[in-house]
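Some notes on the structure that comes next.
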Amino acid sequence: MSSLEVADGAGTPSTISLDSLPIEVFLMICERIDADTLVRSLMYVNKQFYDIISDNYLWKKRAMHKFNDCNVAFMLTSAYNENTFNWKQFAWHTELEDSCWSEYKTKTTTTVYSGAHFSEVDAVIMAKDGNHCISASRDRSICLWNTSIDIIHNPVVHKIDSHLGWVWDLDIYDDHHFLSGSWDSKVKLWNTDNFTQISQPIQTFRTDAAVLSITSKENFVAAGLYSPKIIAFDPREPEKRLFELLNSHMRSIIDLCLIEDNYLISLSEDKTVSVWDLRTNNTVKSMYLSKQGSRFPMCASYHDNILFIGDNRDCMYWLDCSHGLYNVIETVKLVRPINDNRNYKLNCIKCTNYGSIITGGNEGIIYILTPTNPPKVIAKIIDSGSEITSIDYQNDTLVVGYVNSYVQVWKKK
């Protein structure tokens with residue numbers, strides 16, 4: 001028989017039978033139990049519990065109570081339907097992220113990797129296995145780190161002179177391969193499983209200028225250049241270019257992002273964002289997020305029909321990607337210290353579930369934010385103080401690259 005231990009007003013514990021509880025009382029108890037316990041444990045006690053805890057309305061009520069006074073990004077898209085929206089996943093993830101990062105000092109372990117790179121780390125990324133991260137630096141080297149063990153000074157692999165120029169960006173190609181882009185005007189495809197100090201790239205793609213950004217999917221690699229050009233390759237035919245985009249921008253391509261394999265998003269120093277349909281080989285839209293002063297987009301991250309874009313002046317933009325619209329639905333002003341006249345920029349942004357958006361920039365602070373307007377700061381992490389260049393967040397692991405050549409990892413306990 002299933003039971004629950006509770007305490008009376010005097011703090012004396014007692015055990016009650018859950019099977020005999022009226023539904024109304026059981027629902028009241030559920031409201032006071034954390035979402036992770038409900039999803040991972042209590043709903044599997046018996047079929048009745050499963051049916052009750054799986055009910056969409058229960059989770060909708062729970063989520064709306066938490067965010068009722070704010071605009072929530074995922075509820076503003078044209079594809080949103082409150083009756084079919086996955087409220088359980090939404091409420092579960094928001095509670096998990098809030099619970100973990102609001103108490104990150106006790107609920108995560110952190111390791112600072114130093115001593116390998118001697119110059120700015122411009123790119124970090126988590127490998128698919130969740131136990132390794134890859135870092136790339138202006139010292140032209142690439143490091144592979146094992147995040148599951150405490151090795152502070154010695155990477156698993158330190159590939160010196162992986163390129164002839166600054167290594168500016170990284171991307172995971174598939175479960176066994178990753179990509180690196182460099183100021184030597186090359187993109188290289190590496191085997192993650194057999195990556196060693198003497199490894200040679202599987203393929204090398206040559207471009208026409210320094211590579212600032214890369215993105216990929218199966219049989220497709222796109223490189224954004226230090227010029228108004230994007231070049232795409234097929235790894236099966238590295239000498240042949242799939243296409244060149246020449247007319248979408250007037251200045252360098254700062255970041256690239258693939259949306260559901262069909263759309264290629266490019267962010268440029270010319271202040272515009274362009275959307276390219278890979279199925280029709282046409283530009284769907286080109287837009288200014290803001291025409292104020294010298295604002296231009298710096299970084300982008302996508303989740304469930306929302307593209308989150310950060311700019312070089314502490315603003316975040318939400319784009320509705322559903323039905324191919326790509327309309328700006330919110331402009332979110334991030335809170336900065338009072339009487340601080342510095343120009344802040346968001347170098348990196350990451351949203352991997354419904355629960356949080358993670359940002360980092362020249363302020364040297366990692367912000368864990370709710371996906372709301374106004375955003376709630378779940379956590380403000382100031383471990384290094386050095387400018388943050390890049391972040392990635394996968395499999396309950398956050399990895400951060402810094403200007404001071406360090407790489408830092410937080411893992412949920």
Side-chain angles (χ1 to χ4, degrees), residues 100-101 104-172 178-184 188 190 192 195-199 299 344-350 358-368 379-413:
C100 172
W101 294 110
Y104 74 92
K105 291 184 179 179
T106 57
K107 292 189 175 181
T108 68
T109 58
T110 185
T111 304
V112 177
Y113 301 124
S114 62
H117 296 300
F118 61 81
S119 187
E120 178 174 327
V121 173
D122 283 310
V124 293
I125 199 160
M126 286 298 302
K128 290 286 187 179
D129 65 5
N131 293 320
H132 293 83
C133 72
I134 305 166
S135 59
S137 170
R138 296 191 185 190
D139 63 16
R140 303 181 297 179
S141 74
I142 295 174
C143 286
L144 176 68
W145 307 88
N146 189 331
T147 62
S148 63
I149 57 178
D150 188 14
I151 300 178
I152 299 178
H153 297 295
N154 300 308
V156 177
V157 178
H158 186 193
K159 174 65 176 172
I160 300 172
D161 292 333
S162 57
H163 283 268
L164 297 177
W166 296 348
V167 189
W168 201 256
D169 201 11
L170 295 167
D171 189 57
I172 297 297
F178 73 94
L179 295 152
S180 60
S182 169
W183 280 70
D184 64 6
K188 294 184 178 182
W190 306 89
T192 313
F195 189 61
T196 68
Q197 294 177 351
I198 59 172
S199 289
C299 48
Y344 289 106
K345 61 177 180 176
L346 274 67
N347 290 329
C348 39
I349 189 168
K350 189 71 177 182
I358 306 174
T359 67
N362 64 340
E363 187 181 4
I365 299 174
I366 303 160
Y367 287 95
I368 317 288
K380 184 178 178 181
I381 305 175
I382 322 173
D383 273 30
S384 169
S386 176
E387 180 171 348
I388 296 163
T389 59
S390 53
I391 56 175
D392 196 19
Y393 183 43
Q394 304 286 344
N395 301 297
D396 292 334
T397 303
L398 170 65
V399 56
V400 177
Y402 294 98
V403 165
N404 66 3
S405 79
Y406 290 0
V407 175
Q408 189 164 8
V409 168
W410 287 261
K411 292 184 76 73
K412 292 184 180 180
K413 292 182 178 178

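No hydrogens, no waters, no symmetry mates; every other heavy atom, side chains included, goes into these values.
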Contact check, side chains of [X] and [Y], non-hydrogen atoms, under 4.5 Å:
| X | Y | result |
| --- | --- | --- |
| Val156 | Phe195 | no |
| Val403 | Thr389 | yes |
| Glu387 | Asn347 | yes |
| Cys133 | Trp145 | yes |
| Glu120 | Tyr402 | no |

Point to revise | Interatomic spacing from CG in Asp129 to OG1 in Thr192 - rounded to 0.5 Å | key: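 One gets 8.5 Å once the value is rounded to the nearest 0.5 Å.
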Check your understanding: Atom OG in Ser182, atom CG in Leu170: separation rounded to 0.5 Å?
Key ->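 With rounding to 0.5 Å, OG (Ser182) is 10.5 Å from CG (Leu170).
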If you compare all heavy atoms of [X] against all heavy atoms of [Y], which two are closest, and at what distance to 0.1 Å?
| X | Y | result |
| --- | --- | --- |
| Ser119 | Ser405 | O-CB, 3.2 Å |
| His163 | Ser180 | NE2-OG, 2.7 Å |
| Ile125 | Ile172 | CD1-N, 3.5 Å |
| Val167 | Ser162 | CG2-OG, 3.9 Å |
| Gly130 | Thr147 | O-OG1, 3.7 Å |
| Gln197 | His158 | CG-O, 3.5 Å |

Any sub-3.5 Å donor-acceptor pair from [X]'s side-chain atoms to [Y]'s backbone N or O?
| X | Y | value |
| --- | --- | --- |
| Ser137 | His117 | no |
| Asn362 | Lys345 | yes |
| Thr111 | Val409 | no |

Check your understanding: Are Ser141 and Asp139 linked by a side-chain donor-acceptor pair shorter than 3.5 Å?
Key ->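 Yes.
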Practice item. Return the orientation label for the Trp190 and Phe178 ring planes: parallel under 30°, perpendicular over 60°, tilted otherwise. Key: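 Correct class here is parallel.
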Exercise for review: Please state whether the rings of Tyr104 and Trp101 are parallel, tilted or perpendicular, taking 30° and 60° as the class boundaries.
Suggested key: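 The arrangement is tilted - the two ring planes meet at 30° to 60°.
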Exercise for review: Applying side-chain contact (heavy atoms from CB on, under 4.5 Å), run through Thr108 and Cys100 and close with a yes or a no.
Suggested key: CA-CA 7 Å; Thr108 68; Cys100 172; 3.6 Å; yes
Exercise for review: Using the side chain to side chain donor-acceptor pair (under 3.5 Å) rule, pick out the option among Thr110, Thr109, Thr397 that qualifies with Lys411.
Suggested key: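 Answer to the side chain to side chain donor-acceptor pair (under 3.5 Å) test with Lys411 among Thr110, Thr109, Thr397: Thr397.
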Exercise for review: Could you give me the CA-CA distance, side-chain angles and deciding distance for Ile358 and Ile366, then say whether side-chain contact (heavy atoms from CB on, under 4.5 Å) is met?
Suggested key: CA-CA 7 Å; Ile358 306 174; Ile366 303 160; 3.7 Å; yes
Practice item. Give me the one residue out of Lys413, Lys107, Lys412 that meets salt bridge (charged side-chain N to carboxylate O under 4.0 Å, His left out) with Asp396. Key: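 With Asp396 as partner, salt bridge (charged side-chain N to carboxylate O under 4.0 Å, His left out) holds for just one option, Lys412.
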Exercise for review: Let me see the working for Val407 and Val399 under side-chain contact (heavy atoms from CB on, under 4.5 Å), right down to the final yes or no.
Suggested key: CA-CA 7 Å; Val407 175; Val399 56; 3.8 Å; yes
Check your understanding: Step by step, would you call Lys380 with Tyr367 a side-chain contact (heavy atoms from CB on, under 4.5 Å)?
Key -> CA-CA 5 Å; Lys380 184 178 178 181; Tyr367 287 95; 3.6 Å; yes
